[in-house]
Every structure is written in C-alpha cells, then in structure tokens.
Amino acid sequence: MIGIAERLRVSTGTWERRRLAGFGRQECRPYNFFDWIAKHRERRHPWGLWCRLEVCATAGRCMASPLRYFLCVFLITQHAANAGNIQSLVSEVQRLSSIGDHEAVVQMKFLHPELSQSARAMECFAFADQDLRNMKNAMAEFAGAERLAPTDVQIQTSLVYGLYGVGSHREALYRISRIIAKAPKDARARAIQALILQQMGTAKEAQTAMNEAEKLGMSIPVWEAKYNFAIGNLDQAGTIRVADAYLKAFPNDLQVRMFHGKAMRNAGKLAIAASDFQKVLKANPNHMSALTALADAYRIDGKIKQSVEYSERRLKLARTFQERRSTNRVIAETYEKVNNYAAAAEARERMIAGYVKRKECRDEWQMKDILACCRDLVALKRWKEAEERLNLVLMRYPESSEALEKRAQCYTNLNRLDEAIKDYSRLIEIHNDVAPWYRQRASLLKRVGRAKDAEKDLKQAKSLEASSPEDNP
C-alpha cells in the first residue's frame, strides 16, 4: 500500500500542475475526471489506468490526499474486477460456440458489448454470424479479432476461412500460404487451403492438401472442411458418408450432432435431421439453434403445428429485439404457408408493435415488416387496421408503390372513393405503364360519376395491354 501511495503524489501548487496530474480544474471549469477514467478503461492494456497514474504522479511532490488515494485504489480494483468479469463471459461464449448454439452466441454479443475487447469472443461471434449467413458482420468480427491478436495463428486462420466464405479466394490463398509457412503442422490450415484450391479450380492440388490435413489429425475443423470439400465436389452421397463418419467419431459432441442434423436436412432426410435436433434438445433444452433448426425441419416437412411449437419455445428464450423479430417472422411465414392469415397477422403484429406505438417507420427494415403485416390484414379484410399501418409507411416513404396500392384497396373497401382515386393517381404518376391501375381508377371514377375520365383510363389500359401483354396480364 505504501508503494501505491508513493506513486499517487500530485501537485498542490498551481492549477496548471493539478490539471496535468489529472485532478482539479482549469479556468474555473471542472476537469471531468470520470471521462478521463472511461477513456483509459477503453484501452485494452489491463494496466493502462495504473500506467497513467504513474505518469500523473510525476507532476508534483506532495502525497495524495486520503480521498484521492482511496479513489484511485478503488478504480484500479474495479478495473481488475471488470477484466475478470469479461473473462468469465468469454468462457461462456466459447462454451456456447463449442455446443453449436450460434444463436445464443449472437445473443451474448448484443447483451454484452464489452466482449468486443476479447479476440476469442470476437472469433466466436464471427463464426456464429457466418453460420447464420450474416457475412458482412462475420468479416468485420474476424478482422476485429485479428486486430486484437495480430500474431495468433488460430485467429489468422479463422480470418482466412471468412475470406474463403465471401469468395476472396486469392487473398485467402495468399494468407493461408503464409500461415502454413509459419505453422506447417497445422491441420486446420491445410484443410482450409484445400477448400480454397478447390474453389479456384485446381482439383489435384486441393485433394493433395486435404490428404495432408487428414494425415496431421482428424480434428473437428478438419472434419467440417472435409464435409465442405465433398459438397464442392457435388458428391451428395459423399457428403452423407462424411457427415455419418464425423458423428461416429464424436458421438457425444453436441456441435457435431447439430452439424450432422443440418447435413441431413440439406440432403432432404428430414426425419433423421429432426431426430438429431431432438437429441441436442434432450441434452440442452434451451439450445436456441437446435430449436430454430428443428422448427425449420418440421416446416419443410409440412408439420406446421410442431414447427410453430418449437418456434414459440425459441421466442420465450429471446432476450433482444432482433431475436424476437426474426422468430416472429418465422412463425408468421410458417402460418402463411398454410393460409392461416389470422395467426400470421398476430405474429406480424408482435413484430411491429413498437413501431405502431411510436407511430414511426424509420428504415426499410421497418417498412418491410409493416408491409408484410398489412398483406395479412388485407387478406383478412381488416381494412381499417391495414390503412393505419400503411399511413406509417407512407409518412416515411411517400412513393412506395406497394403501400399506395394497398391503401387504395383499403380506401375502396371502406367506401372512401375520392381518397382511393388520389392514391391510384399518385401511383400512375410514379409508374404510368401499369394497366391494372388505370382499370382500378376507371372503376372508381365511374362510381363517383366521372364517366368521361373513366373512359380515358380504360382506353389507356387497353393500349398498354396491347403493347406489352406479358407485363399487363
């Protein structure tokens, strides 16, 4: 404790010296000490705060006051505690990744943004996003992991796998060649090199690289690469053989069981896939990715009730808006497949409840969600509700053709004919080559007693249908 006190000496002289020490104020303006602490906490060096305090101590010769001494010791202790908390979170992320629960990994990313300070956590996030086909996010996370650990061979190899996934084969081959030169006995690097060479059309060299990887050891990453290699060779029977052998080698590994289930689902063997996912859920009932995959397998197999049941279970585990949104969308699409628009509309309403409450439509994603809900409401002939939601879209996107057309349809059925005519007129201003809009407007014009205008529209519709019958059925 005496050593710490000696390092915490600050100036009691001029305000300038006190400012340099990190305490006090300049020109009667308070120095925001806590902003300073936050800035240095962002530094990834675990003792960045301590190093800064040592520099501050050189600004004066007097001992720190007891209050300052206590404050600095407290902040250093908190910094160390936060580092320990992050490590426990990283361990949890790695555990979730090891059992193949990629959706739970992504959930951790949203709930704990401080994990972006860990290279291992970023690597797990990248693999999770890659598995969920969020390639842009995955590449950003692979690159972030490499920035945090630029000399780590495992992370460098993971970045190469990301480059392979997005089709940057030349850069991936260059990087993997350098990694193999540094670590010639890395089986995973050899397997990824085989995949890259296969995509570049050098089948013989690719097979040689894969054989070398198998000789070095059949680890889980090598098995996955071998499976993808069989897919690249368009060998469906071979992919099933590899997936079965992979499961035989690691029968109790949940990640391998998930992988086998997805392989069987892709091969159309839905009963085997469902059995695999159920075994994963028996071992871990809250396995989010297994719930999603099993719901998807049942949906493909036409078992709508079972599919919705597992989607609802997945929805209960959702802790972020993105998860709730995606799960409700899956439920809605499942019901729409069997024309159950009432249940689909209920799921869509849960998706857009926040937008409706705030009366906003801020971006294209929200616009798509609201329009999808309106399609179901229109199918149910709930015209008033659909019109209210379409107004939100048109406030933000006044030239949305689908929104204008749906709202015109709502106005027509609500007997608000003048407003319907205005919407069809606006549609024709935006796209003047769509014959059905002219016909719809002509029908409305007749109903309000404007027969001459209706004749003009009918004539224009016939002209368009004659000139391009395919575009205007």
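Remark: Phe259 pairs with Glu224, Tyr227, Tyr246 by the side chain to side chain contact (heavy atoms under 4.5 Å, CB included) rule, at least two apart or across chains. Under the ring-ring contact (aromatic ring centres under 6.0 Å, His included) criterion, Phe125 pairs with no residue at all, not counting sequence neighbours. Take Tyr161 and apply the ring-ring contact (aromatic ring centres under 6.0 Å, His included) test, not counting sequence neighbours, and it matches Tyr164.
Inter-residue side-chain proximity for Met139 and Leu163 is flagged as met; some heavy-atom pair is nearer than 4.5 Å. The shortest side-chain heavy-atom distance between Asn340 and Glu346 does not fall under the 4.5 Å cut-off. Taking the side chain as every heavy atom from C-beta outward, Lys109 and Glu141 approach each other to under 4.5 Å. A heavy-atom distance below 4.5 Å is not found between the side chains of Arg348 and Asn328.
When all heavy atoms of His260 and Ile272 are compared, the closest pair comes out as CE1-CG2, 4.1 Å. Lys262 and Phe277 make their closest contact through N-CZ, 3.6 Å (heavy atoms, listed as atom of the first residue, atom of the second, distance). Nearest heavy-atom pair, Ala225 versus Leu195, reported as atom, atom and distance to 0.1 Å: O-CD2, 3.4 Å. Of all heavy-atom pairs spanning Ala345 and Arg382, the tightest one is CB-NH1, 4.3 Å. When all heavy atoms of Val378 and Ala386 are compared, the closest pair comes out as CG2-CB, 4.1 Å. Residues Ala213 and Ala191 approach most closely at CB-N, 3.6 Å, considering heavy atoms.
For the side-chain hydrogen bond (donor to acceptor under 3.5 Å, both in side chains) criterion with Thr292, the lone passing option out of His287, Glu103, His102, Arg313 is Glu103.
Heavy-atom neighbours of Glu364 CD from other residues, nucleotides or ligands within 6.0 Å: at or below the threshold of 12. The number of heavy atoms from other shown groups lying within 6.0 Å of CE (Met200) is above 12.
Between atom CD of residue Gln193 and atom CE of residue Met210 there is a gap of 10.0 Å, rounded to the nearest 0.5 Å. Atoms CD1 and SG, on Ile352 and Cys374 in that order, are 6.5 Å from each other to the nearest 0.5 Å. Annotation: the span from Ser326 atom OG to Leu315 atom CG amounts to 9.0 Å, rounded to 0.5 Å. Put simply, OG on Ser311 and CD on Glu333 are 10.5 Å apart, with the number rounded to the nearest 0.5 Å. Atom NZ of Lys406 and atom CZ of Arg389 lie 15.5 Å apart (nearest 0.5 Å). Atoms CD and CD, on Gln322 and Gln107 in that order, are 10.5 Å from each other to the nearest 0.5 Å.
Using modelled atom types, one finds a donor on one side chain and an acceptor on the other under 3.5 Å when comparing Gln154 with Glu123. Between the side chains of Arg188 and Ser158, at least one donor-acceptor pair of N or O atoms lies under 3.5 Å. A donor atom on one side chain and an acceptor atom on the other are not found under 3.5 Å apart for Tyr411 and Asp423. Side chains of Tyr298 and Asp296: a donor-acceptor N/O pair is absent below 3.5 angstrom, by distance only.
Ionic pairing of Arg175 and Glu171 is present here: one or more N-O contacts between side-chain nitrogen and carboxylate oxygen are shorter than 4.0 angstrom. Between Glu402 and Arg375 there is a salt bridge, since at least one side-chain N of the basic residue sits less than 4.0 Å from a carboxylate O of the acidic one. Under a 4.0 Å N-O distance rule, the pair Lys384/Glu387 qualifies as a salt bridge. Using a cutoff of 4.0 Å between basic side-chain nitrogens and carboxylate oxygens, Glu419 and Lys422 are not scored as salt-bridged. Between Glu323 and Arg314 a salt bridge is recorded (basic side-chain N to carboxylate O distance below 4.0 Å). Using a cut-off of 4.0 Å between Lys/Arg side-chain N and Asp/Glu carboxylate O, Asp276 and Arg265 are scored as not salt-bridged.
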Evaluation steps, side-chain contact (heavy atoms from CB on, under 4.5 Å), between Glu385 and Glu349 = CA-CA 11 Å; Glu385 294 172 62; Glu349 286 284 358; 4.2 Å; yes
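Judged by distance alone, the side chain of Ser97 and the main-chain N or O of Val93 form no donor-acceptor pair under 3.5 Å.
A ring-centre distance under 6.0 Å is found for Phe142 and Phe127.
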